[in-house]
Amino acid sequence: MPAAPPAAPDTTTDVVLVVDFGAQYAQLIARRVREARVYSEIVPSTMPVAEMLARNPRAIILSGGPSSVYAEGAPSLDRSLFEAGVPVFGMCYGFQIMATTLGGTVDDNGAREYGRTPLTVSKAGSTLFEGTPTEQSVWMSHGDACSAAPEGFTVTASTDVVPVAAFENDEKKLYGVQYHPEVMHSTYGQQVLEHFLYRGAGIEPTWTTTNVVEEQVALIREQVGDKRAICGLSGGVDSAVAAALVQKAIGSQLTCVYVDHGLMRKGETEQVEKDFVAATGAKLKVVDAEKRFLDALAGVSDPEQKRKIIGREFIRVFEQAQLEILQEDGPEVAFLVQGTLYPDVVESGGGTGTANIKSHHNVGGLPEDIEFQLVEPLRQLFKDEVRMVGQELGLPEEIVQRQPFPGPGLGIRIVGDVTKERLDLLREADAIAREELTAAGLDRDIWQCPVVLLADVRSVGVQGDGRTYGHPIVLRPVSSEDAMTADWSRLPYETLAKISTRITNEVADVNRVVLDVTSKPPGTIEWE
Ligand code: XMP
């Protein structure tokens, strides 16, 4: 293989850095900043200040964190951060660290506040609070409290028990609040954050998904040059949007591969084969591998075994397709497109997006290992932003708004072994549930709604004049933020009744529909 092509260059966009002090709030803050149309990225609090400043941030936000500023080993911050002339906004722990570093007083005076708390703004018209009411509700989560602001700061808000709940220093462009403006329970939180960005830091709200598309198209062109790229489509949002972006950038130098494993929901393969191609003009290679997957899954009912088999077959089929593309005439195939998102990047500790991926082949005639460089145009984006980019690129609504769906597909929604007949039956039931949820306008209220076939269970029923002995279908609608935890969705009875009636009437062999009312934990979202 020749020398690796250049890595994806960094973006040139103005950036606001969110310093992560280890709470779960940093990603939310970064999203809120972007909702204010200002680009933001998360950096760990262990990053040296010089390195943060070297990024030329337009502003820096210090997130909340779980520690007391006085706890042993609590994250600290070099004072030079506050002396660089870069506007800084501290929130919760970030506020306290700002206070102590600059000579204010933070102590444990027993003034703990958790949850919704009334805040009194003492300086109406301040940079942060202008245009917001004197009394407002904010979300607190702290033990220690600030009792004296550092010199040069004006105290702009307090609560019943905390004398200094916000302070501002317009001259030095340093601001802080004890509460969490990023959570929706802080009624004017977004406004306060925007005041910091626009008024405090003087940043113009210009970051949009249109900019993202233009910027990424230019970067992809630069990275790929005149070589070729491959992108695997799964039917999901991320791979579709990544492929559409790369297609816009390099056109026919991209070949997309879709492995039809026969485990998709009704209409989804057609969405990729027809609608995606129509919307993007992408070159698509579809591999019909249904029989291969079903043969490999025959007689297997253990969920982990199913996952392993599906994963293994998928890689084999995909690599065979890659090989065929490599053998086609044309420039070198050097890139693999992946729909990696920003939360994955943050959670895996950052990185620069230059990793290579090796493909191992056991088919003769070509190098043993083929090394691809990754193109990851969504590495800076959150899921909702990916959907917006997809919309911008004209992808069909069904693809852009698609709810999460597991890679192993319906294979892990049949409790029992997987057969073509069972898949067809489940596909029908799932399509009815989806149709009725959409008709009731509930798509945005639920995170996802697995429809599960209990193929190993039969129960007695009566239909027409006869006794039946059919299978139950389980509806598993859940609401969730990130699939880590979930609650069962309280769907209207009328919608549930419609789904139940239609499934038992229209799907042969199903004589019962049951609703899963278990949260996660203890239940997982999927049944397998
Ligand atoms: P659980 O069932 O663990 O699901 O609560 C959490 C989220 O992950 C999805 N899921 C999968 N996604 N391959 C995937 O790509 C899998 O094997 C898999 N299992 C579960 C599930 O749909 C939910 O969104």
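Read the numbers this way: they start at 1 and go in the same order the structure lists the ligands and their atoms.
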Take T210 and E392 through the side-chain hydrogen bond (donor to acceptor under 3.5 Å, both in side chains) test and state the conclusion after the steps.
-> CA-CA 7 Å; T210 316; E392 179 99 23; 3.1 Å; yes
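- I473 has its side chain out of reach of V507: every pair of non-hydrogen atoms, C-beta onward, lies at least 4.5 Å apart.
- Distance check on atom 3 (O) of ligand 1: some protein heavy atom falls below the 4.0 Å cut-off.
- Contact check for F405 versus E268: side-chain heavy atoms found under the 4.5 Å cut-off.
- Below 3.5 Å of separation, one finds an N or O of E526 facing an N or O of ligand 1.
- Exactly one residue among Y93, W139, Y25 makes a ring-ring contact (aromatic ring centres under 6.0 Å, His included) with H180. That residue is Y25.
- Residue contact check: K520 has heavy atoms under 4.0 Å from atoms 1 (P), 3 (O), 5 (O), 6 (C) of ligand 1.
- Protein heavy atom closest to atom 8 (O) of ligand 1, with residue, atom name and distance, is A483 CB, 5.0 Å.
- Here the protein heavy atom with the shortest distance to atom 19 (N) of ligand 1 is R307 NH2, 3.0 Å.
- Nearest protein heavy-atom contact of atom 24 (O) of ligand 1 is Q448 OE1, 2.5 Å.
- A heavy-atom distance below 4.5 Å is found between the side chains of E290 and K420.
- Interface of P406 with ligand 1, defined as ligand atoms under 4.0 Å from a residue heavy atom, comprises 10 (N), 11 (C), 12 (N), 14 (C), 15 (O), 18 (C), 22 (O).
- A donor-acceptor contact shorter than 3.5 Å is absent between the side chain of R307 and the backbone of D302.
- The protein non-hydrogen atom at the shortest distance from atom 16 (C) of ligand 1 is P408 CD, 3.5 Å.
- An N or O contact shorter than 3.5 Å is missing between I412 and ligand 1 by distance.
- Annotation: atom 15 (O) of ligand 1 to nearest protein heavy atom, G407 N, 2.9 Å.
- A tilted orientation is assigned to the rings of Y39 and W207, their planes being inclined by 30° to 60°.
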